[in-house]
There are 2 protein chains.
Amino acid sequence: MPAHRTARERARAELTTEIKDEARRQLADKGANGLSLRAVARELGMVSSALYRYFPSRDELLTALIVDAYNALGGTLDKASAAGGSPADRWRRAATALRAWAHAHPHEYALLYGTPVPGYRAPQDTVAPGGRVPGAFLRIARDAWHASGGATDDRLDDTLRGQARTIAEALDLTDVPDAVVLRAVDAWTHLFGTVALELTGQFANTLDPADAYFARAVELQLRTAGIG
Amino acid sequence: MPAHRTARERARAELTTEIKDEARRQLADKGANGLSLRAVARELGMVSSALYRYFPSRDELLTALIVDAYNALGGTLDKASAAGGSPADRWRRAATALRAWAHAHPHEYALLYGTPVPGYRAPQDTVAPGGRVPGAFLRIARDAWHASGGATDDRLDDTLRGQARTIAEALDLTDVPDAVVLRAVDAWTHLFGTVALELTGQFANTLDPADAYFARAVELQLRTAGIG
DNA sequence: TCTGATTCGAGAGCACCGCTCTCGTTGCCC
DNA sequence: GGGCAACGAGAGCGGTGCTCTCGAATCAGA
């Protein structure tokens, strides 16, 4: 994209990202609850009301951070699962990258997948970037299915068939049978649960440190998803 | 337990539960973030400072609610998985009960398994009641293993062996081989992930409503845990 | 039964929060 | 250059968690 035309636009764009950067910093070390508009403004040497010229509310700022976080995580997964090695290896790398990202950015991860803070949430802007994360895993499963010659005999009821098709279309995986999509979702669900339990401290005193268990879980995911 | 001796003790116990009840009510319809000590006090016709005679801080109140919630959920699962029917049926009932409880008390469930609010959390009082939940599922897996005559040939590395033993001891399941414990944990992890993804709205527009997918996931859990 | 200690509720107050509104100033476009 | 929109500063509103003080109620021991 070209440089912004007017000085005002340039300044606005710059300040917008400065605000997000400072907010991300506070989010990283105090959590979503500790993120305060006033503190962000203070740190940036401005008064809190000025900040409302850039984000109409605290929730909007959080939403912007969520979108950025989804994209950062999605990019990390894309990179980790890029071509190279078998589909199984790509899944292993992606799963490991997911876990590593979650550990490196626990509060951002919690923002994405933790409790839906107020009454509920999910503004429309977040759903597309949010899909990148499972998308990265489903794409590996698709490639594995293609590589294996492709055969499936799962019996599925109509509801599941329709939902699988919806998922496939949303992620541009229309060339894959529903059963493969659903098995990949099974594996993604398992992966997600493992990371979530570890991150929320439910493994404390038992599976902690969870490296060995995580490796085991990943192998199970491969079997679940039918990734050779 | 006998009635409390002095009037003061009686009043204290009563007010303590009244506070928790009102707090639970607010938690239920405004979420953990919306729970305000001042509002609880207001509703109870007292002044906010008086409430500090009963709970030294907002976090302590939340911790008390967490313990109660773990016990409520644990009790629900115990009831659902009580003897009657095959282990597979008991697992199905328990898993369904978990999902139903989560849907009925989303904010309390989020309090238990959502983002670890401040920097981190898990006061010691919560770990024992917290273990009741996976405990209910692991016990079903144990019974299934006993009923099936019991044989296993999983190869496990030493780290996992030790951690499995720790889990088994914490839950009084010492008569079960490590491999069975771990496979039950695999299934529990998968179950947890399914509920978590659904509850945080990640299934919106795709797997929602997730009844069919959940039923499918439960069957996969049975295979994972080796429950016939 | 009286007394001293303890517990309790009320109230005022501190520092913080999100958010709104007003008011000068600054930069932009015609 | 003039009109207009964007901007930052400041004051202020109602809310929060939490602390401290003070008088009243309650309890336990002599």
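Only this structure's heavy atoms are used, side chains among them; waters, hydrogens and symmetry mates stay out. Each chain gets a letter, A, B and so on, in the order its sequence line appears, and its residues count up from 1.
- Backbone-only engagement by Tyr54(A) is indicated by non-hydrogen atom pairs under 4.0 Å involving sugar-phosphate atoms exclusively.
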- [ ] Treat primed atoms plus P, OP1 and OP2 as sugar-phosphate and everything else as base, then score nucleotides 22-30 of chain D 5' to 3': B for base contact with protein heavy atoms under 4.0 Å, S for sugar-phosphate contact only, - for none.
- [x] ---BBSS--
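- Applying the side-chain hydrogen bond (donor to acceptor under 3.5 Å, both in side chains) test to Arg161(A) and every residue at least two apart in sequence or in another chain returns Asp178(A).
- For the pair Phe214(B) and Leu207(B), the minimum side-chain heavy-atom distance is 4.5 Å or more.
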- [ ] Would you mind building the protein contact string for nucleotides 12-17 of chain D? One character per nucleotide, 5' to 3', B for base within reach (heavy atoms under 4.0 Å), S for sugar-phosphate only, - for untouched.
- [x] B---BB
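- Environment of CG in Asp208(A): crowded, with over 12 heavy atoms of neighbouring residues, nucleotides or ligands closer than 6.0 Å.
- Salt bridge annotation for Glu43(B)-Arg25(B): absent, with no cationic side-chain nitrogen under 4.0 angstrom from a carboxylate oxygen.
- As judged by a 4.0 angstrom heavy-atom cut-off over every strand, Leu15(B) is placed among residues touching the sugar-phosphate backbone only.
- A distance-only check finds a donor-acceptor pair linking the side chain of His103(A) to the backbone of Arg99(A) [under 3.5 Å].
- Annotation: side chain of Tyr213(A) is in contact with side chain of Val185(B) (closest heavy-atom distance under 4.5 Å).
- Using a 4.0 Å cut-off between a side-chain N of Lys or Arg and a carboxylate O of Asp or Glu, Asp172(B) and Arg139(B) do not qualify as a salt bridge.
- Side-chain contact between Thr194(A) and His190(B) is absent, with no heavy atoms from C-beta onward closer than 4.5 Å.
- Read 5' to 3', the first and last nucleotides of DNA chain C with an atom closer than 4.0 Å to a heavy atom of chain B are dT6(C) to dG13(C).
- Residues Tyr113(B) and Val133(B) meet the side-chain proximity criterion, which asks for heavy atoms closer than 4.5 Å.
- A heavy atom lying under 4.0 Å from DNA chain C marks none of the residues of residues 18-27 of chain B.
- At a threshold of 4.5 Å between non-hydrogen side-chain atoms, the residues Leu98(A) and Tyr109(A) count as touching.
- With respect to the salt-bridge test (charged N to carboxylate O, under 4.0 angstrom), the residues Asp21(A) and Arg24(A) qualify.
- The side-chain hydrogen bond (donor to acceptor under 3.5 Å, both in side chains) check on Gln163(A) picks up nothing, with sequence neighbours excluded.
- Between Glu9(A) and Arg12(A) there is no salt bridge, since none of the side-chain N atoms of the basic residue sits less than 4.0 Å from a carboxylate O of the acidic one.
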